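Working notes, structure below.
Remember, predicted model here, so these are calculated numbers, not experimental data.
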Amino acid sequence: MPELPEVETYRRYFEETALGQTVVDLKAEDPRRQLTLDYDTLLNALKGKQFVGTHRIGKHFLVNLSSGNVLVLHFGMTGDLAYYRDEEDTPRFARVVFYFSNGFRLAFIDSRKFGRIGIAASIEEYQKKKALGPDALDITLPQLQASIEKRKAPIKPLLLDQKILAGIGNWIADEVLFQAKINPVKPANTLSDSELKHLHQAIQLVLQTAIEHEAIYQTFPKSFLIHARGWDDTVETTAAERQICPRHGTPLEVAKVGGRTTYFCPICQPL
DNA sequence: CTCAGTGTTCAGTG
DNA sequence: TCACTGAACACTGA
């Protein structure tokens with residue numbers, strides 16, 4: 001489920017576990033697909049090197065190596081991390097495993113194999129190469145305004161464009177637009193100054209709230225739209241029970257916008 | 001058995 | 001070149 005809040009949560013987990021460790025070995029189940037450089041090159045870049053720091057740009061997780069290079073992890077749709085010691089504790093779908101000199105291991109878990117691992121010369125070089133916009137937590141209102149005010153596309157797919165701002169994925173885009181009371185198909189160039197301001201505030205609100213809750217959706221405020229998606233598997237609900245606006249108690253609409261499933265409230269977010 | 005999907009990239013169109 | 005759309009990618013779980 002890795003959007004910005006999940007990746008930030010993984011980063012903090014990494015800081016408490018694998019940071020400071022020295023890599024002694026590496027295993028990759030499907031190296032040609034999941035590594036962006038060949039296995040031997042990656043192993044050589046890691047072996048004997050220490051993990052000395054972490055960064056995050058949007059959904060991209062970067063680890064400073066003692067060599068000066070940067071290890072880059074992207075979690076795709078289903079990536080996760082697990083730090084553990086014994087072989088028998090290897091999680092299911094551990095596609096790549098880092099082995100450390102202290103006997104512990106770090107698994108890159110990724111059931112659907114959209115995740116990628118590679119090496120970059122520096123954080124700046126990587127951000128430039130991937131053309132990533134400012135991190136969604138850092139983007140300023142003038143920056144956001146400048147990059148979307150002339151665009152005619154619906155606002156939602158622009159929020160998903162990592163070149164404009166980095167870190168927003170499908171559910172956060174819906175949540176942000178709901179909190180800002182903006183219709184997802186509204187052309188970006190028709191947003192008023194007030195709407196842009198609310199949009200910018202909603203981005204900060206949703207991301208900060210999600211990070212505070214360590215991206216555990218079930219614990220998010222009741223005022224959040226995310227509960228409509230039915231990802232809380234501790235309760236049994238039908239779509240009709242769930243797909244209700246938290247403000248009005250009226251049915252939400254589910255549509256495809258920019259090719260992605262989109263939830264919104266036609267009353268809160270009129271066109 | 002079929003199908004949707006939390007992300008990204010690329011081909012194709014205008 | 002740019003803006004935009006839609007399909008493809010791999011796999012699991014409903």
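- Atom name P, nucleotides B:dA11 and C:dA10: the rounded distance is 16 Å, in whole Å.
- For DNA chain C, if you chain together Watson-Crick or G-U pairs that step i with j, i+1 with j-1 and so on, the runs of at least three with distances under 3.5 Å are B:2-5 with C:11-14, B:7-14 with C:2-9.
- A ring-centre distance under 6.0 Å is found for A:Tyr10 and A:Phe75.
- Phosphate proximity of C:dC4 to A:Arg151: present, with a side-chain N or O under 4.0 Å from OP1 or OP2.
- Look at CG on A:Leu132: it is 13 Å from C1' on B:dG7, rounded to the nearest Å.
- In this structure, the CG atom of A:Leu158 is 16 Å from the P atom of B:dG7, given to the nearest Å.
- Between A:His60 and A:Tyr126, the ring centre distance stays below 6.0 Å.
- Contacts of A:Lys150 with the nucleic acid, taken as non-hydrogen atoms under 4.0 Å apart, are absent.
- Of the candidates A:Tyr99, A:Phe98, A:Phe104, A:Phe108, A:Phe104 is the only one forming a ring pair (Phe, Tyr, Trp, His ring centres under 6.0 Å) with A:Tyr83.
- Salt-bridge annotation for A:Glu195 and A:Lys181: absent, with no side-chain N of the basic residue lying under 4.0 Å from a carboxylate O of the acidic one.
- A:Gly169 comes within contact range of the sugar-phosphate backbone alone, with a heavy-atom separation under 4.0 Å but no base atom that close.
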Summarise how protein sits on nucleotides 8-14 of chain B as a single string, 5' to 3': B when a protein heavy atom is under 4.0 Å from the base, S for sugar-phosphate-only contact, - for no contact. BS-----
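- The interatomic distance linking A:Leu165 (CG) with B:dG7 (P) rounds to 13 Å, in whole Å.
- Distances shorter than 4.0 Å separate some side-chain N or O of A:Thr261 from OP1 or OP2 on B:dG5.
- Between the CZ atom of A:Arg95 and the P atom of C:dC11 there is a distance of 7 Å, given to the nearest Å.
- Expressed to the nearest 0.5 Å, how far NZ of A:Lys59 lies from CE of A:Met77 amounts to 10.5 Å.
- Remark: P of B:dG7 and CZ of A:Phe114 are 11 Å apart, rounded to the nearest angstrom.
- Taking 4.0 angstrom as the limit, A:Arg92 places a side-chain polar atom (N or O) nearer than this to OP1 or OP2 of C:dG13.
- A:Tyr263 and A:Trp171 have their aromatic ring centers separated by at least 6.0 angstrom.
- Remark: A:Arg12 engages A:Glu8, A:Ile211 in a side chain to side chain contact (heavy atoms under 4.5 Å, CB included) (not counting sequence neighbours).
- The interatomic distance linking A:Arg33 (CZ) with C:dC9 (C1') rounds to 7 Å, in whole Å.
- Here B:dG7 presents its C1' atom at 13 Å from CZ of A:Phe75, a figure rounded to the nearest Å.
- The NZ-P distance, from A:Lys256 to C:dG6, rounds to 11 Å in whole Å.
- With rounding to the nearest 0.5 Å, the separation of SG in A:Cys245 from CD in A:Gln269 is 8.0 Å.
- Aromatic rings from A:Tyr217 and A:Phe224 are positioned such that their centres are separated by 6.0 Å or more.
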